[in-house]
Colleague: 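Please read through the structure below; I'll follow up with questions.
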Amino acid sequence: DLKAEALIKLEAAKAAGGREEQLAAEIKALEEELWRGNSQLSALQKKVGEKEALLLKETKVAKEAKTALDKQTERSAQLAQKVQDMDVEHTQEQKELRRAMEAESFDLTSKLDSELAELQEVYNEELGKLTAQTAAEQKRIGALEAELVAGRQAIGVEA
């Protein structure tokens, strides 16, 4: 009976030892799988860290580009305003210049009209004098011709 009990205990111990070995093998396999999982997790965490660093760098570059674009947009708006102001100023200057030219043209026209009237008056006076002088000279020529005819007749009568 002791022998049978010892055999049962031996069988139970063998079964327990076999079960222990099986559990040890399963634990070892799970530990290896956990180690592989941790290695993969570390690699993924490293990739995520690299991606985050790249994303931060790209975000910084994008912010810098947006800042530069905002500054350029502001500068373009300032230049557009300046061009508009210059155009308004130029238009105003053109209007003022046109008014000044029209006033100067009117003044010159008035002055020229006045001078022309004076010249016309002087011309008419001179023409009147010349006409009177010509009439006087023609009268004198007529008198000289009459005197010549009379002189010829006197010479012709004597002859």
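Nothing here was measured: the structure is a model prediction, and the numbers come from that model.
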Colleague: How far apart are the C-alpha atoms of Glu126 and Lys129, what are their side-chain angles, what is the distance that settles it, and do they pass the salt bridge (charged side-chain N to carboxylate O under 4.0 Å, His left out) test?
Modeller: CA-CA 5 Å; Glu126 290 296 317; Lys129 287 179 187 177; 3.7 Å; yes
Colleague: How about Gln133 and Leu130: do any of their side-chain heavy atoms sit closer than 4.5 Å?
Modeller: yes
Colleague: So Val149 and Gln153, do their side chains get closer than 4.5 Å, heavy atoms only?
Modeller: yes
Colleague: Does a side-chain N-to-carboxylate-O contact under 4.0 Å join Lys66 and Asp70?
Modeller: yes
Colleague: How long is the gap from CD on Glu52 to CG on Leu56, to the nearest 0.5 Å?
Modeller: 7.0 Å
Colleague: Is Met101 close to Arg98 at the side-chain level, that is, under 4.5 Å between some pair of heavy atoms?
Modeller: no
Colleague: Look up atom CD in Glu145 and atom CZ in Arg152, then write down how far apart they are to the nearest 0.5 Å.
Modeller: 9.5 Å
Colleague: Can you tell me if Glu50 has over 12 outside heavy atoms packed within less than 6.0 Å of its CD?
Modeller: yes
Colleague: Report the distance from atom OG1 of Thr131 to atom CD of Gln138, rounding to the nearest 0.5 Å.
Modeller: 10.0 Å
Colleague: Among Gln72, Lys71, Gln78, exactly one meets side-chain contact (heavy atoms from CB on, under 4.5 Å) together with Glu74. Which residue is that?
Modeller: Gln78
Colleague: Look only at the side chain of Asn124 and the backbone of Gln120, and say whether a donor-acceptor pair between them is shorter than 3.5 Å.
Modeller: yes
Colleague: Rounded to the nearest 0.5 Å, what separation is found between the CE atom of Met86 and the OG1 atom of Thr91?
Modeller: 11.5 Å
Colleague: Find the distance between CD (Glu118) and CG (Asp113) and round it off to the nearest 0.5 Å.
Modeller: 11.5 Å
Colleague: Hey, could you give me the NZ/CZ distance between Lys111 and Phe106, rounded to the nearest 0.5 Å?
Modeller: 13.5 Å
Colleague: Any side-chain heavy atom of Leu54 within less than 4.5 Å of one from Glu58?
Modeller: yes
